[in-house]
Amino acid sequence: MNIYIRLILMSLLISLVTACGGGGGHDYDTTYSSGTVRLENENSSLSIDEFNFSPIDQSIWGTNQLSSPLLAGLSFDILSVPTGIYDARALVKGLFSTYSSYLYDISVFDGDAVTVVSTDSVYTGSLKIVNGTLDANITALYITPSTSSVWKENQINSDIVPSGSMHLFDIDTGLYDVKVVWDIGPDTLYYNKSIESLTLLTLTAS
Amino acid sequence: MKYFKIISVSVSLFIVTNVVIAGNQRTLANPDVNIEVRSTEDIVSDPGAFVSINPSDNAREMSSKALRVKNKTVAAQTTDLSKSQSNKKDVVKKYNRFSNKQGEKKNKK
């Protein structure tokens, strides 16, 4: 009788151990899958100063993935990226301005290696408007793509005083029209000004 | 006497007109400065002058087009470049600078 009780207890113990093993297997199944993202800097000479890589549903770009600027001609790997869909942004801090490049909806599958390429031509441009007068304030500033038939919104909240300026970063490349409104005299108009990648266009208005 | 009055009126009109025009003019700070200056960063124009890496087969090129803008624009109303890019994403909001909001019509000649 005692033997039977022992056998039953051993059976129960074995069952419990087996059940625990099953639980361990379940944990193993939920281990996330991941891929690799490679950033290739094919710029001719400029380093990439910042690279952000964040899920599409995240409202901020997050931390800089680069520990140091990525020199031209080099690549950088981000390992163990959880599978999902991501947005990417690269920043170049140049001598004259700061420029960005974007790539959206990058799918990272399990075991996948995704390559993102940066070249000279894929960055935004910048525009600087300088008040080149001694005695007049710029009271409104309009910048719209040349394809637009209306001026849309004023870009400044306060007047630009003589010798002051407005520096607009991160403008998509293309042709733009600019209207400068003064507190004295007629408006100054510029048409079809080209905003180019990695270039700062300075317009001294008067 | 009649001619004197006519001359006086003409001179007065001329002076008033000049004053009005002068009041509507701006003074240039520096007439010698270039109205338009294009400053391009250090880009090597000759592709053979630098060592290139070969992109992988699955390479995806980045773009200057902000299709889904994340609060990206920063306007610094200063003379230096002290402000940097915003870190905030906004997946819903479009680029407000170039929104669909209507404004005054352009009168291109």
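Chain letters run A, B, ... following the sequence lines, proteins first, then strands; residues in each count from 1.
Residue with the most contacts toward chain B among A:Ala136, A:Ser148, A:Ala90: A:Ser148 (heavy-atom pairs, distance under 4.5 Å). If you tally non-hydrogen atom pairs under 4.5 Å between each of A:Asp177, A:Val122, A:Thr204, A:Asn131 and chain B, the highest count goes to A:Val122. By number of non-hydrogen pairs under 4.5 angstrom with chain B, the leading residue of A:Pro162, A:Ala205, A:Ala113 is A:Ala113. Chosen from A:Pro186, A:Gly174, A:Ser197, the residue pairing most often with chain B at heavy-atom distances under 4.5 Å is A:Pro186.
The 12-atom threshold is exceeded at CG of A:Leu175, counting heavy atoms of other residues, nucleotides or ligands nearer than 6.0 Å.
For chain B, the nearby part of A:Tyr190 is the side chain; its heavy atoms alone come within less than 4.5 Å. Within the 4.5 angstrom heavy-atom criterion, atoms from both the backbone and the side chain of A:Ser101 approach chain B. Heavy atoms closer than 4.5 Å to chain B are found in both the backbone and the side chain of A:Asp105. For chain B, no part of A:Leu189 is nearby; none of its heavy atoms comes within less than 4.5 Å. Interface residue B:Val37: backbone and side-chain heavy atoms are both found under 4.5 Å from chain A. Neither the backbone nor the side chain of A:Asn137 comes within contact range of chain B, judged by heavy atoms closer than 4.5 Å.
Here the straight-line distance linking atom OG of A:Ser44 with atom CD1 of B:Ile43 works out to 6.0 Å at 0.5 Å rounding. Once rounded to the nearest 0.5 Å, the distance linking CD of B:Gln25 with OG of A:Ser206 reads 11.5 Å. Remark: A:Leu46 CG to B:Asp42 CG distance equals 6.0 Å, nearest 0.5 Å. The line from CZ of B:Arg60 to OH of A:Tyr104 is 16.0 Å long, rounded to the nearest 0.5 Å.
Looking at every heavy atom in both residues, B:Lys65 comes nearest to A:Thr173 through NZ-O, 3.1 Å.
Taking the side chain as every heavy atom from C-beta outward, B:Arg26 and A:Thr188 approach each other to under 4.5 Å. Proximity of B:Thr27 to A:Asp135: side-chain heavy atoms (C-beta onward) are separated by under 4.5 Å at one or more points.
A distance-only check finds no donor-acceptor pair linking the side chain of B:Arg38 to the backbone of A:Glu196 [under 3.5 Å]. In this structure, A:Lys193 contributes its side chain and B:Glu36 its backbone to no donor-acceptor pair below 3.5 Å. Using modelled atom types, no side-chain atom of B:Ser63 and backbone atom of A:Tyr102 make a donor-acceptor pair closer than 3.5 Å.
Using modelled atom types and a 3.5 Å distance limit, the side chains of A:Tyr99 and B:Glu41 yield a donor-acceptor pair. Of the N and O atoms on the side chains of B:Thr40 and A:Thr199, at least one donor lies less than 3.5 Å from an acceptor on the other residue. Judged purely by distance below 3.5 Å, without hydrogens or angles, the side chains of B:Ser64 and A:Asp172 never pair a donor atom with an acceptor atom.
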